[in-house]
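Since the structure comes first, as structure tokens, the remarks are kept for the end.
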Amino acid sequence: MSDIKITIIDREGAEHTVDAPTDMNMNVMELVRAYELAEEGTIGICGGMAMCASCQCYVLNEEEVNLVEKNPDEEAMLWEAFNVKENSRLGCQISITPEIEGLRIELAPEV
């Protein structure tokens, strides 16, 4: 098993550095849920289909990690979402891979 470290700032501003498995086909939204870093029922409402933006997060160190580009579904959902910033991403669209070791994100406010 190969884990990487990801830092997640929750909606209360607390910082959590967590182990994220790269061999389980997980995404950041599922990681937040697994560590219970957001109130139940407030993240991943659509099940990770890029249809609700409840898992929106702000990538704080995009220049330091190798994130895949936004796909058209993610772009469209962020176009309609609230509290969107230039560094907004949907956590359900960020796969946990060795390339994102050290990723730092902040969960967007709940709408």
Side-chain angles (χ1 to χ4, degrees):
M1 186 157 120
S2 177
D3 288 354
I4 61 172
K5 297 285 187 194
I6 294 179
T7 300
I8 300 164
I9 300 171
D10 66 26
R11 291 179 174 142
E12 284 76 47
E15 188 171 301
H16 310 268
T17 299
V18 299
D19 292 320
T22 60
D23 60 351
M24 293 181 64
N25 199 27
M26 288 180 74
N27 59 50
V28 169
M29 179 270 295
E30 293 167 328
L31 187 69
V32 170
R33 289 173 78 171
Y35 280 96
E36 299 178 350
L37 300 179
E39 192 173 320
E40 190 167 343
T42 66
I43 191 162
I45 295 166
C46 73
M49 304 299 290
M51 296 175 68
C52 73
S54 65
C55 65
Q56 181 187 175
C57 60
Y58 308 124
V59 177
L60 304 176
N61 64 338
E62 188 170 1
E63 66 284 344
E64 297 172 19
V65 295
N66 189 13
L67 288 177
V68 296
E69 296 209 12
K70 296 176 192 161
N71 65 41
D73 291 338
E74 182 178 10
E75 290 274 5
M77 189 67 255
L78 287 171
W79 183 257
E80 298 175 17
F82 295 100
N83 302 308
V84 175
K85 299 180 180 180
E86 290 230 359
N87 60 341
S88 286
R89 293 295 303 262
L90 297 181
C92 68
Q93 300 300 300
I94 302 174
S95 296
I96 298 174
T97 63
E99 290 78 20
I100 66 166
E101 167 79 49
L103 177 69
R104 291 181 49 83
I105 63 163
E106 178 181 358
L107 300 181
E110 184 183 356
V111 178

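We're numbering straight along the sequence, starting at 1. Basis for what follows: all heavy atoms, side chains included, without hydrogens, waters or symmetry-related copies. Remember, it's a predicted structure, so these values are computed and weren't measured experimentally.
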Is there side-chain contact between D23 and S2, with at least one heavy-atom pair below 4.5 Å?
no
Is it the case that S88 and Q56 place a side-chain donor and acceptor less than 3.5 Å from each other?
yes
By the definition side-chain contact (heavy atoms from CB on, under 4.5 Å), identify the one residue from L103, I4, I6 that meets it with V65.
L103
Hey, any chance L90 and Y35 share a hydrophobic cluster, counting ILVMFWY side chains that come within less than 4.5 Å of each other, even indirectly?
no
Once you round to the nearest 0.5 Å, how far does CD of E80 lie from CD of E75?
12.5 Å
Distance from I96 atom CD1 to M29 atom CE, nearest 0.5 Å?
10.5 Å
Mind checking whether M49 and M77 sit in one hydrophobic cluster, side chains of I, L, V, M, F, W, Y counted as touching below 4.5 Å?
no
T42 vs R11 side-chain heavy atoms within contact, under 4.5 Å
yes
Decide whether L78 and I105 are clustered together by the hydrophobic rule: side chain heavy atoms of Ile, Leu, Val, Met, Phe, Trp, Tyr closer than 4.5 Å, transitively.
no
Nearest heavy-atom neighbours spanning Q93 and A50:
NE2-CB, 3.6 Å
Quick check on E99: does its CD atom have over 12 non-hydrogen neighbours (other residues, nucleotides or ligands) under 6.0 Å away?
yes
Do L31 and I8 come within less than 4.5 Å of each other through their side chains, counting heavy atoms only?
yes
Could you note down all residue pairs passing salt bridge (charged side-chain N to carboxylate O under 4.0 Å, His left out) where residues 81-94 supplies at least one of them, sequence neighbours left out?
E74-R89
With R104 via side-chain contact (heavy atoms from CB on, under 4.5 Å) - residues at least two apart
T7, I9, E15, L60, N61
With a 4.5 Å cut-off on side-chain heavy-atom distances among I, L, V, M, F, W and Y, is there a chain of contacts connecting I100 to L37?
yes
Name of the residue among N66, D3, T22 meeting side-chain contact (heavy atoms from CB on, under 4.5 Å) with P98
T22
Side chain to side chain, L67 and E62, heavy atoms closer than 4.5 Å
yes
Could you tell me whether a side-chain N or O of S54 sits under 3.5 Å from a main-chain N or O of I45, the two making a donor and an acceptor?
yes
Any idea which heavy atoms bring C46 and C52 closest together, and the distance?
N-SG, 3.5 Å
Shared ILVMFWY cluster between I43 and Y58, side chains joined below 4.5 angstrom?
no
Looking only at non-hydrogen atoms, find the nearest pair between N27 and C92 and report the distance.
ND2-O, 3.3 Å
